Amino acid sequence: MTAAVRLVGAAKRYDDLLALDHVDIEVGQGEFVAILGPNGAGKSTAIKLMLGLRHATAGIVELLGGSPQDIATRRRCGVMLQDSGLPKMLTVAEVVRLFSAHYPRPRPLPVVLAMADLTGLARRRIDGLSGGERQRVNYAIAICGDPEVLFLDEPTVGMDVASRHRLYDELARSSAAGRTILLTTHYLEEADRLAARIIVIDHGRIVIDGTPAQVKARVPGKRLALAARRALTPADFADLPLHRLQLHDHSATLLSNDPVAVLQGLVRRDVPLVDIDVTGAQLEDAFLSLTGAGAAR
Amino acid sequence: MTTGRPLLRPGSLGTILLAHTGAQFISFVRNVALSAVSVVMPVMLFALIAMSGADREYAPGVTFGAFYLASMAAYAVSGIMVFNFGVTVAVDRGEKIDLLMRAVPLPPILYLLARVLTALAFALIALVVLFGFAQLVVGVRLPLDVWLRLGAVLLVGSVQFIALGFAIAYLTGPNAAVAVSNLTYLVLAFASGIFMPMDSLPEFVRQIAPYLPTYHYAQLAWTTVGMDGAGIATSAGWLVGYTIALFGLALFAYRREEGLRFG
């Protein structure tokens, strides 16, 4: 079976910036792949090469075995970009109808609206929508043609928690139905939750290409901030599953993929904790703990 | 989706063209600042200038009303073309709607064609309103075939302004396009005697007018209502030349932009 996407030695240079440094990516049909990386890592560039929105400086780019510029190939793909605009004078329903016209077997309008959670907004004009609502319209445009391959560039940016989770459910359903999905994100949690395979990109290079478990072993996803009644020492944290421990007298910050184990370890050692704050780690922080090409810079 | 006609199958080029033409037409109508001005301004100017004295003879066999109607018709159609392309294309770029259009299976030429059809449809509306006003309110009397020829000549000749608008949209930024379109177009229209008759313009303007695209465009309209002029063939020749040159410029600007944003 032809690959959904194939990049071989693909590079993209913008003036003196090498945004993508000769990467090889092959995504098979039916795969759910997340491309993970901090801002400016080259994720969007990779997607734009795959879609023919940018031309590779070097290397081979194939979409469903053909050229991404080919209209027939593009009809089999749905796209949600991060920075594209919408015709703001039209209503949500009008926009979905407009974009459905490009595809040979479009999904019925009510189905698309329901899938993108836009049923109640069908008659609203684009210029009256919030950022998160516009993202849902972008998602509707991506899926209205019932595509075999779905590209989503940072799809959840600007969405509230409820919409984000509904989108996760939708994507899981599409994936279960055999669709190929390729999304970019800078949240490890999102990639982990959705994808069967994660490609980590930093500084235009692939740092890791593996299962979520393999990636999590090397990229910490949570940030813990702790405070104790006494000054904390490195001994308190010895042998616990963590990265980038920073001690400041009575408080500490660290990155970990297993915050529960860290806390249990501290409790076992009778560390008198007075405050705990667990948040999702910024990839920019998490990457500093990676050894390898990206982390060294 | 129930039509069995091959042209309108889902995903066919006809369906795509129709969908985009409809969407652009609706967008333009809802952009009242642009659409209402395009239709109302020529009528208002015509009313102000020609309401009194429309019947007096301006040239042998031509009333002032007929002459100024031809001027305003030229102003209406060329204005819609310049602004529909200069401004809305630039706005699309600024809001990155062009990026969205490239990400979907849409042949770029269809998007352009949808714009041309939208602009032509709007120009036709503006002409019908202006002609109706001239005939019913001001009482301009012209034979039916002259009305029809005037409309046809202006719509066909307006192709050069599509190119002009396009060139402006791609040579200037999204914000500058409105100002540049306005300035370029108003200066051209004014210097060609479209707002005020040539004989009331300063000498140096009268010297350069015969080299302007708007002048020859207006000449087509004036000749159609019976004025003496440079002659249809000469004016048409100028227009063809300008159309080719402006399309060349538009293509150059478009290619340059392509390289920068999608290279």
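Residue numbers begin at 1 in each chain, while the letters A, B, ... track the order of the sequences. Quick caveat, the model's predicted, so the values are computed rather than measured.
- Here the side chain of A:Lys43 pairs a donor or acceptor atom with the backbone of A:Pro38 at under 3.5 angstrom.
- When each of A:Leu81, A:Asp70, A:Leu51 is scored by its heavy-atom pairs under 4.5 Å with chain B, the top score falls to A:Leu81.
- Tested against B:Tyr111 for a side-chain contact (heavy atoms from CB on, under 4.5 Å), the candidates B:Ile16, B:Val89, B:Ile97 yield a single pass: B:Ile97.
- Counting heavy-atom pairs closer than 4.5 Å to chain A, the top-ranked of the candidates B:Gly263, B:Gly22, B:Ala23, B:Ala103 is B:Gly263.
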- Worked verdict on B:Tyr217 versus B:Tyr242 for ring pair (Phe, Tyr, Trp, His ring centres under 6.0 Å): CA-CA 10 Å; B:Tyr217 185 64; B:Tyr242 260 113; over 10 Å; no
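- In this structure, chain B has a heavy atom under 4.5 Å from the side chain of A:Phe99, while its backbone stays farther away.
- Salt-bridge annotation for B:Arg30 and A:Glu94: present, with a side-chain N of the basic residue lying under 4.0 Å from a carboxylate O of the acidic one.
- Between chain B and the options A:Asn138, A:Ile141, A:Val79, A:Leu53, heavy-atom pairs under 4.5 Å are most frequent for A:Leu53.
- Highest contact tally toward chain A, considering only B:Leu106, B:Ile26, B:Asn31, B:Leu110, is held by B:Leu106 [criterion: heavy-atom pairs under 4.5 Å].
- Relative orientation of the B:Phe46 and B:Tyr68 rings is parallel, given thresholds of 30° and 60° on the angle between their planes.
- For chain B, the nearby parts of A:Leu98 are the backbone and the side chain; heavy atoms of each come within less than 4.5 Å.
- Looking at A:Arg97, there are no atoms closer than 4.5 Å to chain B (heavy atoms on both sides), in backbone or side chain.
- Neither the backbone nor the side chain of B:Leu17 comes within contact range of chain A, judged by heavy atoms closer than 4.5 Å.
- Aromatic ring pairs are classed by plane angle as parallel below 30°, tilted from 30° to 60° and perpendicular above 60°; the pair B:Phe131 and B:Trp147 is tilted.
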